[in-house]
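Just so it is clear, the values below take in all heavy atoms, side chains as well, and ignore hydrogens, waters and symmetry mates. Just so we're clear, the structure is a prediction, and the values are computed from it rather than from any experiment.
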Amino acid sequence: MKRAGMIWALCCMALGLMAGESAGLMENADFARLDAAGKPEKWEARVRGDNQFSLTPAADGAVLLLKCVDEKEPALLMYRNLPLEAGKRYQVVYEVKGTAGARYLAYCEWLLKPAGADKPVLKGVETRIKNPSAEWTKQQFGFTFPADSTTPYFVFSCSGGEVSFRNLTLTEVK
């Protein structure tokens with residue numbers, strides 16, 4: 001009986017550690033914690049005009065819905081100050097679905113200032129517009145964070161229609 005209890009405790013501890021790792025390098029990547037204004041903690045919302053965002057609770061976090069009525073003003077959520085290190089490889093994984101004709105971006109950007117350059121330039125990865133399918137699909141991309149780079153951030157953006165996101169992770173590839 002004592003042994004079974006010990007095994008149970010070890011299993012629970014292992015599951016707890018795995019759950020902690022699943023969030024990866026972004027706090028509140030599952031949008032589960034909201035601030036007093038109803039926005040996900042650690043995320044900056046830029047939603048203007050008639051555009052909207054909403055969060056629907058789910059078993060493994062929340063589903064983020066970006067609704068873009070005014071196509072001149074994208075609706076986006078941004079996660080600033082990613083804890084990235086120069087020369088290391090990272091992977092972003094998320095699931096997405098949307099309405100017919102919807103357009104979205106899911107990307108990382110940073111400022112790059114090579115030695116001798118007067119001003120930094122904005123660089124990024126996965127900065128092309130995509131069209132989501134009507135069913136949940138897993139998307140992923142990898143990148144190496146360059147030397148001489150600062151202020152990395154991640155963005156989910158909608159520039160038309162309705163787009164939903166869930167199960168976001170950013171992890172270091174070892």
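- In this structure, the separation between CZ on Arg166 and OG1 on Thr56 is 11.5 Å, given to the nearest 0.5 Å.
- Note that OG1 of Thr150 and CG of Leu111 are 4.5 Å apart. Values are rounded to the nearest 0.5 Å.
- Closest non-hydrogen pair, Val163 versus Pro132, comes out as CG2-CG, 4.3 Å.
- The number of heavy atoms from other shown groups lying within 6.0 Å of CG (Asp35) is above 12.
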Set out, in order, the CA-CA distance, both residues' side-chain angles and the distance that settles side chain to side chain contact (heavy atoms under 4.5 Å, CB included) for Phe154 and Glu126, then state yes or no. CA-CA 10 Å; Phe154 176 82; Glu126 287 296 303; over 6 Å; no
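- Within the structure, no pair that satisfies the side chain to side chain donor-acceptor pair (under 3.5 Å) test touches residues 110-121, not counting sequence neighbours.
- Once rounded to the nearest 0.5 Å, the distance linking OG1 of Thr171 with CD of Gln140 reads 9.5 Å.
- Distance check, rounded to the nearest 0.5 Å: NZ of Lys42 to CG of Asn81 gives 9.0 Å.
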Does Tyr90 form a side chain to side chain contact (heavy atoms under 4.5 Å, CB included) with Val125? I'd like the steps, not just the answer. CA-CA 11 Å; Tyr90 297 94; Val125 63; over 6 Å; no
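- Inter-residue side-chain proximity for Glu41 and Glu27 is flagged as unmet; no heavy-atom pair is nearer than 4.5 Å.
- Linking ILVMFWY residues whenever their side-chain heavy atoms come closer than 4.5 Å, directly or via other members, places Leu64 and Met26 in the same cluster.
- Atom CG of Leu65 and atom CZ of Phe165 lie 9.5 Å apart (nearest 0.5 Å).
- Across Glu162 and Ala102, no two heavy atoms sit closer than the pair O-CB, 3.7 Å.
- In this structure, Ile129 CD1 and Tyr104 OH are separated by 11.5 Å, a value rounded to the nearest 0.5 Å.
- The side-chain contact (heavy atoms from CB on, under 4.5 Å) search around Asp30 returns Asn28, Ala32, not counting sequence neighbours.
- Crowding of Lys130 atom NZ: a count of heavy atoms from other residues, nucleotides or ligands under 6.0 Å exceeding 12.
- Under the 4.5 Å side-chain heavy-atom criterion for grouping Ile, Leu, Val, Met, Phe, Trp and Tyr, Leu55 is connected to Val47 within one hydrophobic cluster.
- Nearest heavy-atom pair, Ala75 versus Lys67, reported as atom, atom and distance to 0.1 Å: CB-O, 4.4 Å.
- Closest non-hydrogen pair, Phe141 versus Ala106, comes out as CE2-O, 3.6 Å.
- Both Phe143 and Leu25 are assigned to one and the same hydrophobic cluster, defined by single-linkage of ILVMFWY side chains at heavy-atom distances under 4.5 Å.
- Checked against ring-ring contact (aromatic ring centres under 6.0 Å, His included), Tyr153 has no partners two or more places apart in sequence or in another chain.
- Annotation for Pro146 and Leu112: closest pair CB-CD1, 4.3 Å, computed over non-hydrogen atoms.
- A heavy-atom distance below 4.5 Å is found between the side chains of Leu84 and Leu170.
- The backbone N or O of Asp70 lies less than 3.5 Å from a partner atom in the side chain of Asn51, making a donor-acceptor pair.
- Residues Thr151 and Arg80 fail the side-chain proximity criterion, which asks for heavy atoms closer than 4.5 Å.
- No donor-acceptor pair under 3.5 Å is formed between the side chain of Thr169 and the backbone N or O of Gly24.
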Does the side chain to side chain contact (heavy atoms under 4.5 Å, CB included) test come out yes or no for Asn131 and Arg103, once each step is laid out? CA-CA 5 Å; Asn131 301 99; Arg103 296 181 312 279; 3.5 Å; yes
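- At least one side-chain heavy atom of Glu172 sits under 4.5 Å from a side-chain heavy atom of Lys174.
- Contact record, Pro114 with Asp148: CA-OD2, 4.0 Å, taken as the closest heavy-atom pair.
- The side-chain contact (heavy atoms from CB on, under 4.5 Å) search around Thr137 returns Val96, Ser133, Gln139, not counting sequence neighbours.
- Leu66 has its side chain within reach of Leu77: a pair of non-hydrogen atoms, C-beta onward, lies under 4.5 Å apart.
- Sorted by first then second residue, the ring-ring contact (aromatic ring centres under 6.0 Å, His included) pairs that include residues 41-65, not counting sequence neighbours, are Phe31-Trp43, Trp43-Tyr79.
- By the side-chain contact (heavy atoms from CB on, under 4.5 Å) test, Leu76 is found to be paired with Arg46, Met78, Val155, Ser157, residues two or more places apart in sequence or in another chain being considered.
- Side-chain contact between Leu82 and Cys108 is present, with heavy atoms from C-beta onward closer than 4.5 Å.
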